[in-house]
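Remember, it's 1-based here, ligands and their atoms both numbered in the order they're listed.
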Amino acid sequence: MSNHLFDAIRAAATPEAVFIETVDGRSWTYDDMLAFSGRLASTLVKLGIEPGDRVAVQVEKSPEALMLYLACVRAGAVYLPLNTAYTLAELDYFIGDAEPRLVVMTPRTRDGILPIAQRYGARVETLDEAGGGSLVELAANAEPDFTNVARAPDDLAAILYTSGTTGRSKGAMLTHDNLLSNARTLKDYWRFSRADRLIHALPIFHTHGLFVASNVVLLAGASMYFLPKFDADEALRLMRTSTCMMGVPTFYVRLVQHPGLTREAAAAMRLFVSGSAPLLAETHRTFAEKTGHAILERYGMTETNMNTSNPYEGDRVAGTVGFPLPGVSLRVTEPESGSPVADGETGMIEVKGPNVFKGYWRMPEKTKAEFREDGFFITGDLGRIDERGYVHIVGRGKDLVISGGYNIYPKEVEAEIDLVPGVVESAVIGVPHPDFGEGVTAVVVRESGVSLNEQAVLGALTDRLARYKQPKRVIFVDDLPRNTMGKVQKARLREEFSDLYSDLAGRSK
Ligand code: MCA
Ligand code: AMP
C-alpha cells in the first residue's frame, strides 16, 4: 500500500548513511531513522491513533522530535507542531480547535497542559530534548517494522497554525503532495544530493525548519547537523564540515557581525539560503564581500510552502525573491478586482500549484475568501515582477509584523493590551530592528490620571502571549493618529518611531 510522502522518503534513504548528527555527538543513520520512526508509528497505532487523527506536538528540538513527525506521516496521522513559546492560554485555543487525539509535550510542561488536554479528550505523552519521555518508553518495546498506512496525495499530512489577520489563528491543512511536490522541486532547484550536509539551526515547528530544510535533506538522502537553536559561533564552526545552511535573515545579520565570518571559514560551503522575512540588500552585499557567497533568497508561506527562489546558477539578485518555482504559477493583480496589473506594476501576489494548501481547518468561509474563482491563492503580499522576471516583494497588504522570521499579527497583541486595566486603546506596529528585522512595538493610550507604565503592560502579557509576540517597547501617547474614516494611521506611527531601535545597531548577537 502506498504512503505518498513516506514512500518517497524511504526510496531516497541510504540505510547506512548518516542522517542526523547533533552537536553533543549523537548520530542517526537512515536505518536508525527508519527503525525509530517505525517504532513510534507502531506506538501511535497502539495508542489508538487512526488515519486522519491529529497529533499535537509541543516539544524542544531533537532528532526524536523530527522522527515523531515521520512516524505520524507513516501512521496516516495529521502532524500538528506547536511553537515552544506558546503559553497555556494560546495552547488552549489550538487544542480546542484541532481536537487532537494525542498531545506530546515536554515533561516540564506536562502538568500545565494535562487539564487542557483532558478537557478536550486528548491523551498526553511526553518527549524531552534528550530523546527520553513516556512516548519513547512506550516505543522501546514496539515493532520497528511498521507497515505504513496508505495515504493518497490529497490526504492531510500536517496542520500548521498561522496567525489570523482578524480573529484567531487558522490551521493551514497541508497534504502529502503539498509537502512532497515542493520538497522535490527545491531539492532539484537547489541541487541537493547525498553529498550534502546541512547546518540545521531553525526550529522544527514551522514550515522553514520542518518542511523546507528537513524534507529536502530527506529526499536527497543527505545529512544534517541538528542545532537546538541558532548560534553564530557554532554555525561558523560547523561550516568547515558542511555544505549548506538555511536560515532567516537574523542568522545572516548575526553572522556578518561576527569576526569569524571569512572566505576561508565558508570555503567548504556551496549554498546559503535565506527566507521567511526580507533580507536586507546590505546584509546580502556584506555577506558576499566577506565570504564570496551570494545568499540565495526565496519566498514562501505556511499556506503555500515555497513559491519563488533566486536561481542556483545565474544572478541571485539582492532585494528580490527570484523566479516562480517550476510548477508554481504566480501573478500580480489589483487587490480588489483580482485583474492582472500592467507589466512591472505593483499589486497583490497570487499563486497556484501543487504546493498550495487544501484550506483552513474547519473554516470553509475563510478558505473561500482567500482564493479566486480560478483557484489562485491570495497571499496578502504586495509585489511586482521586473523586466527580467524576478519577483520583488514590496510590502504587505496584511497587517503583519515579522520579527526574526516569526509572524505576529498586531490585532492579537492589541486585544491583549486593551484588556490591561487603565488602557484606553493601543496600536501595535513593527519598526526596523537591527537584529530581528522588525521589532514589535506597542503605542498605548492610557486613561487620564492612571499611573500605568511600560513594565505593568509587559507584565500583564507574560502568561498571555508567546515571548516573541510581546512588544520590545511600549510607548505612551495622548491619542492615536486617525484618518477621516477613524482608522488608526499605523504608517504615521511607523514613521514616527522608525528610529526606536537604532541605538541597538552593532550590539546584536
Ligand atoms: C526570540 N526572541 C524573539 C525572537 N526570538 N523576539 C522577537 N522575535 C524573535 N524571532 C526573544 C527571546 O525570547 C528573548 O527574550 C529575546 O527575544 C532575545 O532572544 P535571543 O537569544 O536573541 O533569541 P534567539 O533565541 O537567538 O532567537 C532568535 C532567532 C529565532 C534565532 C532569530 O527567533 C529563530 O530561530 N527564528 C526563526 C523563526 C522561523 O523559523 N521562522 C520560519 C517560519 P528575553 O530574553 O527577553 O526572554 S515559516 C515561514 O515564515 C515561511 C513559511 C517561510 O517562508 O519560511
Ligand atoms: P508564514 O505565515 O509564517 O508562513 O509567513 C509567510 C510570510 O512571510 C509571507 O506571506 C511573507 O510576507 C513573508 N516572507 C517569507 N519569505 C519572505 C522573503 N524572502 N521576503 C519577504 N517576505 C517573506
Exercise for the section: Please verify whether a non-hydrogen atom of Thr207 lies at under 4.0 Å from ligand 2. Expected result: no
Completion exercise
ligand 2 atoms nearer than 4.0 angstrom to some heavy atom of Met301 are 4 (O), 6 (C), 9 (C), 10 (O)
Handout entry: Within-shell test, His206 vs ligand 2, heavy atom, strictly < 4.0 Å
Key = no
Practice task
Consider ligand 1: state whether an atom of it lies below 4.0 angstrom from any non-hydrogen atom of Pro203.
Solution key: yes
Practice task
Measure centre to centre between the rings of Phe272 and Phe287, then say whether the value is under 6.0 Å.
Solution key: yes
Handout entry: Separation of Ser498 OG from Ile429 CD1 (nearest 0.5 Å)
Key = 9.0 Å
Exercise for the section: May I ask you to check whether Phe323 and Tyr299 place their ring centers less than 6.0 Å from one another? Expected result: no
Fill in the blank from the handout: Correct closest heavy-atom pair for Tyr69 and Asn215 would be OH-OD1, 2.9 Å
Practice task
Examine the proximity of ligand 2 to Lys398 and report which part, side chain or backbone, both or neither, has a heavy atom under 4.0 Å away.
Solution key: side chain
Handout entry: Ligand-residue contact atoms, ligand 1 with Ser403, heavy atoms, under 4.0 Å
Key = 7 (C), 8 (N), 9 (C), 10 (N)
Handout entry: Atom indices of ligand 2 within 4.0 angstrom of Ser276 heavy atoms, with elements
Key = 8 (O), 13 (C), 14 (N), 15 (C), 16 (N), 17 (C), 23 (C)
Practice task
Specify side chain, backbone, both or neither for Pro278, according to which of its non-hydrogen atoms lie closer than 4.0 Å to ligand 2.
Solution key: both
Handout entry: Phe226 and Phe19: CA distance, side-chain angles, deciding distance, ring-ring contact (aromatic ring centres under 6.0 Å, His included) verdict
Key = CA-CA 10 Å; Phe226 235 42; Phe19 170 40; 7.8 Å; no
Completion exercise
Among Lys61, Met301, His206, Arg467, the residue with a heavy atom nearest to atom 15 (O) of ligand 1 is Arg467
Exercise for the section: Report yes if Gly405 has an N/O atom closer than 3.5 Å to an N/O atom of ligand 1; otherwise report no. Expected result: yes
Problem - Part of Glu297 with heavy atoms under 4.0 Å of ligand 2, whether side chain, backbone, both or neither - result: side chain
Handout entry: Arg184 to Phe192 six-membered ring, cation-pi geometry met (6.0 Å, 45°)
Key = no
Handout entry: Arg254 heavy atom under 4.0 Å from ligand 1
Key = yes
Problem - Atoms of ligand 1 close to Leu202 [distance to a heavy atom under 4.0 angstrom, numbered from 1] - result: 40 (O)
Fill in the blank from the handout: In terms of its nearest heavy atom to atom 53 (C) of ligand 1, the top option of Pro249, Ser276, Ala172 is Ser276
Exercise for the section: Kindly state whether the ring of Phe371 and the ring of Phe376 have centres lying under 6.0 angstrom apart. Expected result: no
Exercise for the section: Select the closest option to atom 16 (C) of ligand 1 among His433, Lys472, Lys229, judged by heavy-atom distance. Expected result: Lys472
Exercise for the section: Check whether any N or O atom of Ser274, backbone or side chain, sits under 3.5 Å from an N or O atom of ligand 2, and answer yes or no. Expected result: no
Problem - Beyond-backbone contact of Leu325 with Tyr189, side-chain heavy atoms, under 4.5 angstrom - result: yes
Problem - Interfacing atoms of ligand 1 (cut-off 4.0 Å, heavy-atom, Tyr468) - result: 3 (C), 4 (C), 6 (N), 7 (C), 8 (N), 9 (C)
Problem - Per-residue contact class, His208 against ligand 1 - non-hydrogen pairs under 4.0 Å - result: both
Problem - Numbered atoms of ligand 1 (with element) below 4.0 Å of Thr302, judged on heavy atoms - result: 52 (C)
Problem - 4.0 Å heavy-atom contact, Ala277 with ligand 2 - result: yes
Exercise for the section: Report the nearest protein non-hydrogen atom to atom 6 (C) of ligand 2: residue, atom name, distance rounded to 0.1 Å. Expected result: Gly300 O, 3.6 Å
Problem - Asp343 atom CG, over 12 foreign heavy atoms within 6.0 Å - result: no
Handout entry: Close side-chain approach of Arg54 to Trp361, heavy-atom, < 4.5 Å
Key = yes
Exercise for the section: With heavy atoms under 4.0 Å as the rule, classify the contact between Asp381 and ligand 2 as side chain, backbone, both or neither. Expected result: side chain
Practice task
On the 0 to 90° scale, with breaks at 30° and 60°, tag the His4-His176 ring pair as parallel, tilted or perpendicular.
Solution key: tilted
Fill in the blank from the handout: Atoms of ligand 1 under 4.0 Å from any heavy atom of Gly300, numbered from 1 in the order shown, are 54 (O)
Practice task
Using a 4.0 Å heavy-atom threshold (strictly under), name the region of Arg298 that reaches ligand 1: side chain, backbone, both or neither.
Solution key: side chain
Practice task
Step through it carefully: locate the ring centre of His206, locate the ring centre of Phe211, and say whether they are under 6.0 Å apart.
Solution key: no
Handout entry: Close-contact set for ligand 2 against Thr302 heavy atoms, below 4.0 Å
Key = 1 (P), 2 (O), 3 (O), 4 (O)
Handout entry: Interfacing atoms of ligand 2 (cut-off 4.0 Å, heavy-atom, Asn407)
Key = 1 (P), 2 (O), 3 (O), 5 (O), 6 (C)
Exercise for the section: Write out the residue and atom name of the closest protein heavy atom to atom 13 (C) of ligand 2, then the distance separating them to 0.1 Å. Expected result: Ile402 CD1, 3.5 Å
Practice task
Consider ligand 1: state whether an atom of it lies below 4.0 angstrom from any non-hydrogen atom of Gln470.
Solution key: no
Handout entry: Side chain, backbone, both or neither: the part of Leu279 lying under 4.0 Å from ligand 2 by heavy atom
Key = neither
Problem - Numbered atoms of ligand 1 (with element) below 4.0 Å of Thr250, judged on heavy atoms - result: 32 (C)
Practice task
Considering only non-hydrogen protein atoms, determine which one is nearest to atom 19 (N) of ligand 2 and report residue, atom name and distance to 0.1 Å.
Solution key: Arg298 O, 2.7 Å
Handout entry: Tyr468 ring center near Phe436 ring center (under 6.0 Å)
Key = no
Completion exercise
Nearest heavy atom to atom 32 (C) of ligand 1, choosing from Gly439, Gly404, Ala466, belongs to Gly404
